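Below is one structure, written out as structure tokens; comments come after it.
Atom set for the values below is all heavy atoms of this structure, side chains included, hydrogens, waters and symmetry mates excluded. Small disclaimer: the values here were computed from a predicted structure and weren't measured. Below, read A as the first sequence line, B as the second, and so on, with proteins coming before strands; counting in each chain starts at 1.
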Amino acid sequence: MDNVLEVTGLTTRFSKESGTITVVDQLDLHVKRGETLGIVGESGCGKSATSLSLMRLLDNNATLTGSIRFNGKEVLTLSEAEMRSLRGKEMAMIFQEPMHSLNPVLTIGRQISEVLHEHEGDSKAAVKQRVLDLLTVVGISRAEEIYRDYPHRLSGGMRQRVMIAMAIACNPSLLIADEPTTALDVTIQAQILNLIKKIRKDIGMSVIMITHDLGVVAEVCDRVMVMYAGQAIETADVRSLLRNPKHPYTVGLLQSTPRQRAKRLHSIKGSVPTSENKPNGCRFAPRCDRVMTICWERNPVFHPVDQHSSCRCWLFTQDKDHDQESSVVGG
Amino acid sequence: MTTPILEVKGLCKLFRMKKGWLQQPHYVHALNGIDVSVYEGETLGIVGESGCGKSTLGKCILRLLDPVQGEIRFQGNEIGKMNKNEVRAVRRNMQMVFQNPFETLNPKLTIGHILTEPLIAHCVPREQRQALLEETIEIVGMSKQHLSRYPHEFSGGQRQRIGIARALILRPKLIIADEPVSALDVSIQSQILNLLQDLQEQFSLTYVFISHDLSVVEHIADKVAVMYLGEIIEFAEKEKLFGRPLHPYTQALLSAKPITDPDDTREQIVLSGDLPSPSNPPEGCKFHPRCRSRMEICKVELPKLSEKEGHSVACHLYQSFAAIDSS
Amino acid sequence: GTLATKPDTDEGKKDANISEKKGGTITVAIPSEPDTLDVHKSTALSTEGVALNLGGALLYRDPQTNEVKPHLAESYSISEDGKTWTFRIRQGVTFHDGTLLTAQTYKRTFERAMSPEIAPKGVGMVLGIIKSIKTPDDQTLILELNEPSATLLTYFTSASWMQPLSVDAVQKFGDQYGRNPVGVGPWKMESWKSGDSITLIQNDAYRWATPFFKNQGPPRPDKLVLKLIRNPQTAVAALESGTIDIADLPAKDAKKFKNNNRFTVLEQTKRGLGLFVELNLNNEILQDKNVRKALQMAVKKDAIVQSHLQGEGIVADGPLPANLFGYDQSIAQYAYKYNPEDAVKLLEEAGWKLNAQGIREKAGKPLHLELLSMEVWSQPAQLMQGMFKAIGVDVKIITLEGSAVDQLTAAGTFDLALDGYVADDPDILFPFMHSTQIGGMNRSAIHDKTIDSLLEKGQVTMKSDDRAKIYEDLQKRAVEEAFWIPIYTEKRFVVLNNRVQGLMLDPSGLKLYQDVWVK
Amino acid sequence: MKQYLLNRMLSGVIVLLGISIFSFALVHFIPGDPVRIMLGEKATKAQVEQLREQMGLNQPLPHQYLTYIEKVIQGDFGTSLQTERPVIVEIMERFPATVKLAFAGIGIAVVIGLTMGIIAAKYKNTLLDFMLMAAASIGLSLPSFWLGLIIIMLFSVQLGWFPIAGGTGWKDLVLPACTLGVLSSAMISRLTRSGMVEVLSHDYIRTARAKGLRESIILFRHALCNVMIPVVTVVGLQIATLLGGAVIIEQVFNWPGIGTLAIRAISARDIPMIQGIVLLMGFVYVVVNMMVDLLYGLIDPRVDLITEKEGR
Amino acid sequence: MNEVTKTVAHGATQAKSPIFPKLAFWGKIKQQRAAKLSLMVLLLISVIGIIGPWIAPYDPTESNYEAFLQGPSAKHVLGTDAIGRDLFSRILYGTRVTLVVAVMAVGITVAAGTMIGVISAYVGGFIDHLLMRIMDILLALPGIILALAIVAALGPSQTNAMIAIGISSIPSFARLIRAATLVIMSSGYVEASRSIGTPSWWIILFQVLPNITNVLFVYMTLFVGGAILDTAALGFIGLGAQPPTPEWGTMLNEGKDYLSDAWWLATYPGLAITIVVLAVNRLGDALRDIFDPRTQK
Ligand SMILES: Nc1ncnc2c1ncn2[C@@H]1O[C@H](COP(=O)(O)OP(=O)(O)OP(=O)(O)O)[C@@H](O)[C@H]1O
Ligand SMILES: Nc1ncnc2c1ncn2[C@@H]1O[C@H](COP(=O)(O)OP(=O)(O)OP(=O)(O)O)[C@@H](O)[C@H]1O
Ligand SMILES: [Mg+2]
Ligand SMILES: [Mg+2]
């Protein structure tokens, strides 16, 4: 298949003094070559944990199970050295906080050329030329000057451009962008989103775009996965998700987005469960308008609803006796 | 027409920046001649990019900051000239809700204590306090059991409700809400917006609603002021402003706003460049370096806010307002 | 008090030829750094110990006969009335800077010491007795005194305090003379590293050693390094590691070297009172003789000797030590013995009754005394504090630096003070006990006619037997009046590496390096 | 950057002025009449008065202060009451020994401290980390003089490896420098560890990992540079303190430096000397701080921002 | 009517009660084994400080003339010193002396330091500048030198050592408190409180102080260790508690001349100091870990 990334049954646990908590639970996803997958969900639902799991960048207290196949390789069994040669070269990442994601005491030039030195090993002059080119590609006009500058002198938008330059330096086949525009203003956000779209087209990479803003999803993504409390609850291509959402949570989310037309907003009652007190059955049950008895008892499985979308909800499950556990093993 | 409950005229605020004894101080022009007014029961939305002076405006109105120039009239009284005690008295009718519900509640005090503070500060008799306390906490959708708890025991949405309760407990006329929902998730955000709307009806409140999120402002405000680098560049009723934005910046802002419509085909105006630093703003129209329709005059002359049919805009394109009709 | 010379080793006897080699460096520990080497501006022991090597004296005291003999003076004479002293200065003596020693040098040296700016700081006070100085020629020095003085003669045997100073050098260095002393002694100043060491080098022009030395020429070693080592522990380690050759050590540390054949331990009883307590007679409580006597009897002196000196000392009974001229052999019969019971009785008699806290009280006033002490005497002070406590006397110890102690005692604001002295002559008691010295060294403020007249007589009586009798009477009186509590006479120990031979100790404890040589 | 340094210098001068007032005021705080101390016990009242006049101690205070400052600026710090030598000469004689000890001690401390800190941070929450940090904790709790005594007892008295005669040769230096080094390294290693742990949790370290960089590069290029900022401050402070004399250690090891001089001056109430030492310490502190600021500028490109924050 | 009185009574307790809440403090400490252990050690030491005089076998100032410099034995568990006093009894008594001096010194530091720090941060402007420059000046002198100078001025004694140590650490304490106060001052809740119209004294009392108590407590603990060391150091150079007071540093000073003859004299007091300081420091560290605003979120 033409999938850059295939993830099945990914589970991420953190062990703490108070016990282990599962922040990503039996997650399946795939990204096709050249495609942009959006992951949306509320704060704390495990979006960052997922992306860091993919790069194996989590802290030592995390355990990963399941399978992550990247370009045919099983990521979870790679040695740390092999993993290093993957990161930055084939799989790159940009983060939410451009203010904090650059080392304050190293020049921009140095931070970008590091990647090239590590993975390509070109001559110094060549690397420098490449870095300057990269800076121009991401729309920084005074490349020579910025090359020698330190991060604190740049604005948020500029820093995010630098981060992008760093990420695409080795032409990776997958770029993971973890809320790259949340900290930026609307006008700057538009610039960055445009830039990502353009670059994706130019070098033909796949992108995982993590965000909590459905607007951003609509703008740049081909497909979307909605996460709730560590689980995927719906995936669909963008159009059908926005036009025809299935899961009550997705529906609620879309309706609670402020619009001029509605006098009163729809609101989802209650708040996201913390990782310590997840309900037994469906995790959304306590907040759901259309909750049924079965919802309180068993967690539904994730399965296709139509050719465009899959969903985790008893409303769309014909066979309500379907055993959750066995299906997971099978899937 | 009645007089506005709040009227701001020519408000200026400078922040003195000094690096050391040897250096000439330089100034950040956070607010530069702001004119704006709100009528009773209305919601004034203020939008603009980060650092354009929205919070500073809010704080100046409350006299948390002392403006350098200009008038602030609240219910016809000039606040800028008042002494400390008078200001405190005015604050009884004018309250603020802050952006970050996690930071604005003292972690060492119970909710009851936090909510009592304004009552004590404004000498509400002891007998009335408890009743007010319980009434208010229920108005914002929480229960009186919560009064003896500490802030860390609440979720973000609940904390923001507490913040609103604190602003509401003295039954003010005007509430300045500085990005009250920006730190909240979408699903919680809508709960708070609904609450604010309900309260407005119930207590006929006036809001000054500050946000950088156009959708939120579009949803809640009656009138909207768009700020850019310490200046109001466009001010109109919501429908007018969102329906037909005049200023090139407003236009860009609106088009840049991502919307949840996959079939949206509007042309996107992507501005080039960053927001310039308010400590050395460009000459002339402050927006001209990023403007698509910039003219020669924009580089030298600062456009004034001029009004027609309740739609004010500060742009050379509309200086005679004849242009409105033709566009 | 004879010279304690190092016993000849077997080796030395067998092969006398290799002995007394020239060259080499010896390093000696000094426990404190002199403030200055300008002998007119200091009275500190640390200054004396160093300055001694740089200078010479008009006279010297023969260690065998204890007679005073001429030295830098070829001869001297004292007129009948004892008021005119004539010295003939030896010829051919040169200073380190090459200038010749003359009678004029002495005149100017003494005049400098007596000048009002300098006199209060040093020997000027002693010289105050001189009325005029005449130098009819280069070789003759005539001193006219106000009155006869036995003590001045002893003073003139001091090679440190009474040494002639090079007039040129004094002028040249001005205030800095103290760092650049120029004398006529066997050693020359080479360098002074503050806080670290003073280095002297041999003066090869030196030909005028005191006759009792074997070596009459320049000293044999090239260098004498006086290294500042405050802590005896450090000195022990330094001795063992060979960093230094000679050090004064407390008994407990010296003992360790006794059985070590790399080292020799020289032992000497110091001539003087190592420790005594002065009672302030201006204090109302202490004006009561019974109280003074009670305090005397409360002190268990042997315990102090045992703990502080490791038993290496002699309990003192009176104001003079057994090894000093004039000591009363029969003093043990009338001196106070340790007897707390009697002490308690005396106090009860005096009306001091025990209160609830175990402190004696009279008319509501507790028997509380303050004891001025210095850091070195911390142990005896604390022991005494305990001993006084046992008879119901509450003592508070105040430990101070020397100069601060002086200030308080001069002002008379103290009750008890610890003190000690080393002396060549019983006249040392004059400044301590004469009523004219109140406000100065007479800290006890002793104002006793008998004592005054005895002290005065002692100064002018030149005949030994008569003089001895005077001091015997003085001791009787002083003990009877219980002015002081004498504690002990101490021994001193000098440990030296066997590589250094021929060290001599002067009776007052100074080290003489003239015969020293390095193996 | 230049601006920043100028500013620092100016505040340094202000601190120095303050210290000069303080040291001037010492004369009036410390009991004991300086004139009496100078002249000795037996001086007459008239002599005291005369010298008092001569020294200008009868002038009004501000006048005295100005004269004092004028002299200080000309390099005249007065004369020691004890030795009657110019204070500046005495101090300058001792200073090299102190400098030697301070730098040797700090050198050892930095080497040990950084190594320990980095290792502990690298192996965070393991037994090794625990042991290293326990050692550091003990190091922080040891009384310096006691450690000094133990070291003397062990290496000098028992083993006889090193002399403690208090010279200034390198052999004499070993023990006091090691004692200082051990003590200061405790602080540095803890600081390095906590700084390292904090820096390693920063977002930019995650960025560096995401770039696929080697662990050694991350540790030494990305983390250590940032850790150096607090470490340099502390090391600077310690150097400043030590250059003013490691008072206790110098005393224990009989080291002929400023510390022993200070104790001696204080116990002898040698006021001009105390004043001189206080001024020297202030001066050293200001200069070292300036150096630290300069180093900051080299390590951390954000310095101008830092002042901006402080300036507010 | 009845209803109303009820609610009022309830309200009164509401408003009054937890101005200084329980801090969830001890629960957190319990989590930290190190803190627990050091707390226990400290408790033990404090108990010794209190009851030491009753459990000591001998009078700490009484000499046994028959037993100078005796090594540890059944009769004298830790041996005797040069003038025959029981070392064990002296160490027991010394616990109180050392703790009292250190705690009082830190008391001085905390009282003055907090006042200066809070005022400086709250008032700001010229006063802030002035106070901080004065602190800078005092900081420029090493603490021990400052303490020495103060002792020289006041004369050596236990009380003066206490004052000197207390004063010499005021500058650094004041700076820390100032920084902590500034953080609180810039926090959202102080701003919120001001926006309501709360008077300054109220803000200092109920917003600032409760929120710096943690920091205060942590710094205080961390300073106690230093104060104990300084106390001992002053004692060691003879400028602290005066003999025969059994202060540990003074005892070490007395023992330093007997390193090779009577090792116990310098060993046990040093050990005692180290243990106490270690325990205090560990507690301080643990408290800091618990309360550090950076680790706390
Ligand atoms: N290192 C860690 N140790 C323990 N728990 C962690 C760790 N990192 C994250 N978590 C927990 O995992 C959950 C998911 O966190 P994650 O950062 O993935 O959320 P998110 O969806 O990215 O939220 P946001 O939108 O706020 O970035 C949270 O409850 C968080 O507390
Ligand atoms: N206390 C202050 N001192 C100096 N400058 C300040 C201060 N407060 C604000 N400013 C500056 O004034 C300008 C306006 O700040 P303000 O906080 O009002 O912006 P804002 O529109 O609220 O931004 P945001 O959306 O980020 O909250 C900014 O450039 C800011 O840096
Ligand atoms: Mg995240
Ligand atoms: Mg704001």
Heavy-atom cut-off 4.5 Å, strictly under: side chain, backbone, both or neither for A/Gln255 against chain B?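 Contact with chain B involves no heavy atom of A/Gln255 at all.
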For A/Ile268, which atoms come within 4.5 Å of any heavy atom of chain B: side chain, backbone, both, or neither? both
Below 4.5 Å, heavy-atom pairs only: which of B/Asp198, B/Leu214, B/Leu193 has the largest tally toward chain A?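 Result: the option with the highest number of such pairs is B/Asp198.
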Determine whether a donor-acceptor pair (N or O, by modelled atom type, separation under 3.5 Å) exists between the side chain of A/Ser256 and the backbone of B/Ser190.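 No.
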For B/Gln197 and A/Arg264, indicate whether the former's side chain and the latter's backbone hold a donor-acceptor pair under 3.5 Å. no
Does anything in residues 246-259 of chain B pair up under salt bridge (charged side-chain N to carboxylate O under 4.0 Å, His left out), and if so which pairs, sequence neighbours excluded?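 Sorted pair list: B/Glu218-B/Lys257.
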Looking only at heavy atoms, what is the nearest atom pair of B/His212 and A/Val186, with distance?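 Taking B/His212 first and A/Val186 second, the nearest heavy atoms are O-CG2, 4.1 Å.
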Please say which of A/Val220, A/Thr181, A/Asp213 ends up in a side chain to side chain contact (heavy atoms under 4.5 Å, CB included) with B/Pro258.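 The option that passes is A/Asp213.
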With only heavy atoms counted, which part of [X] is less than 4.5 Å from chain A, the side chain, the backbone, both or neither?
X        : result
B/Gln189 : side chain
B/Ser255 : neither
B/Val186 : both

Donor-acceptor pair between A/Glu42 and B/Ser187 side chains, under 3.5 angstrom: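 The answer is yes; a qualifying pair exists.
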Side-chain atoms of residues 137-148 of chain A: list all donor-acceptor pairs with protein atoms under 3.5 Å, sequence neighbours left out, distances to 0.1 Å.
| residue | atom | partner | partner atom | Å |
| --- | --- | --- | --- | --- |
| A/Arg142 | NH1 | A/Glu145 | OE2 | 2.7 |

May I ask you to name which of A/Leu242, A/Thr187, A/Leu214 has the most heavy-atom pairs under 4.5 Å with chain B? A/Thr187
Rounded to the nearest 0.5 Å, what's the gap from CG on A/Leu265 to CD1 on B/Ile220? Could you check?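 Answer rounded to 0.5 Å: 8.5 Å.
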